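Worksheet for the structure shown next.
In this chain, numbering begins with 1 at the start of the sequence shown. Computed from a predicted model, the values in this text were never measured in an experiment. Read the numbers this way: they start at 1 and go in the same order the structure lists the ligands and their atoms.
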Amino acid sequence: MLAYFGDLIERKRTDPRHDMVSMLVGAHDDDADTLSDAELISMLWGMLLGGFATTAATIDHAVLAMLAYPEQRHWLQGDALEVKAFVEEVLRRDAPVLFSPTPRIAQRDIELGGVVIPKNADVRLLIAAGNRDPDAFADPDRFDPARFYGTNPGMSTDGKIMLSFGHGIHFCPGAQLARVQLAESLPRIQARFPTLALAGQPTREPSAFLRTFRALPVRLQAQRGG
Ligand code: HEM
């Protein structure tokens with residue numbers, strides 16, 4: 001992997017294109033605070049890992065939603081706005097990243113919900129809990145793509161923001177790519193495997209951070225006679 005990324009950085013340095021790796025390499029080449037190759041490699045590695053497991057888990061969560069709520073599948077047969085609404089609701093209801101990977105440091109004492117967060121405290125934001133906050137999303141356990149129909153990405157019809165891609169300066173740079181991947185893949189799964197069914201109990205990875213699956217067995221075609 002080190003050789004792969006080292007070679008990739010070198011190629012993007014000599015022949016930059018309109019892509020994220022070129023931008024990262026270029027953005028810091030003419031900067032006084034230049035990133036070393038080791039730092040760039042570490043970022044690219046994080047991007048690769050952070051980008052695959054999260055998007056794959058969201059596809060799994062979407063498949064589970066399709067199976068649990070067949071009456072909502074029609075969103076995946078609709079136009080781009082309807083597909084987008086389904087994708088956003090899957091991301092909200094089943095955030096694959098459970099808490100913010102980068103700590104936030106309190107700049108001053110802050111009182112929140114009757115608790116004082118002291119200055120300099122390391123604060124981890126519970127993304128998944130925020131996404132199911134009943135003050136932000138009424139009846140939050142309900143799977144309801146209508147919450148996100150016709151809105152800006154990540155925003156509900158009443159202006160609430162789902163946090164699955166984080167917030168602020170560390171907001172996920174892969175969010176739009178992930179959304180495109182999901183909007184492309186989910187309608188195809190729905191169209192190609194209309195009789196998709198669970199073929200066993202899903203097994204989750206035991207992780208407090210990422211909500212991913214070790215196995216999610218499905219039957220793609222209906223069995224003969226049933
Ligand atoms: C459904 C898919 C994805 C989810 C749920 C997700 C979620 C997140 C979250 C919660 C953060 C932290 C944001 C914060 O602290 O405010 C993050 C950061 C990050 N994500 Fe994603 N991500 C996804 C896909 C991707 C993809 C496809 C890529 C790369 C192409 C990517 C690259 C990154 C990187 C590099 C960061 C660190 C940004 C920083 O610290 O400034 N992610 N992501």
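- Remark: ligand 1 and His170 share an N or O pair separated by less than 3.5 Å (distance only, no angle test).
- Of the charged side-chain nitrogens involved, none lies within less than 4.0 Å of a carboxylate oxygen, so that Asp79 and Lys84 do not count as a salt-bridged pair.
- Ile110 CD1 to Arg108 CZ: the interatomic distance, rounded to the nearest 0.5 Å, is 5.0 Å.
- Under 4.0 Å from ligand 1, the heavy atoms of His167 that appear belong solely to its backbone.
- On a distance-only criterion, Thr58 and ligand 1 share no N/O pair closer than 3.5 Å.
- Closest protein heavy atom to atom 7 (C) of ligand 1: Ser164 O, 3.4 Å.
- Put simply, CD1 on Ile9 and CG on Leu24 are 9.0 Å apart, with the number rounded to the nearest 0.5 Å.
- The aromatic rings of Phe143 and Phe86 stand perpendicular to each other, their planes meeting at an angle above 60°, with 30° marking the opposite boundary.
- For the pair Val97/Leu210, a side-chain contact is recorded, criterion being any heavy-atom separation below 4.5 Å from C-beta on.
- At under 3.5 Å, a nitrogen or oxygen of Arg104, whether backbone or side chain, sits near a nitrogen or oxygen of ligand 1.
- Gly168 does not count as a contact of ligand 1, since none of its heavy atoms falls under 4.0 Å from the ligand.
- Not counting sequence neighbours, Lys160 has no partner by the salt bridge (charged side-chain N to carboxylate O under 4.0 Å, His left out) test.
- Shortest non-hydrogen contact noted between Arg73 and Gln190 is CD-OE1, 3.1 Å.
- Within the sub-2.8 Å shell of atom 21 (Fe) of ligand 1, the protein contributes these N/O/S atoms: Cys172 SG.
- The shortest contact between atom 30 (C) of ligand 1 and any protein heavy atom is with Leu177 CD2, 3.8 Å.
- For ligand 1, the atoms closer than 4.0 angstrom to any heavy atom of Ile127 are 10 (C).
- Taking every heavy atom of both residues into account, Leu98 and Ala208 meet most closely at CD1-O, 3.4 Å.
- Exactly one of Ile59, Val87, Val180, Thr55 qualifies for a side chain to side chain contact (heavy atoms under 4.5 Å, CB included) with Ser185. That residue is Ile59.
- Near Pro96, meaning under 4.0 Å from one of its heavy atoms, ligand 1 places the atoms 5 (C).
- Cation-pi check for Arg92 over Phe137 is met; the charged atom lies under 6.0 angstrom from the ring centroid and within 45 degrees of its normal.
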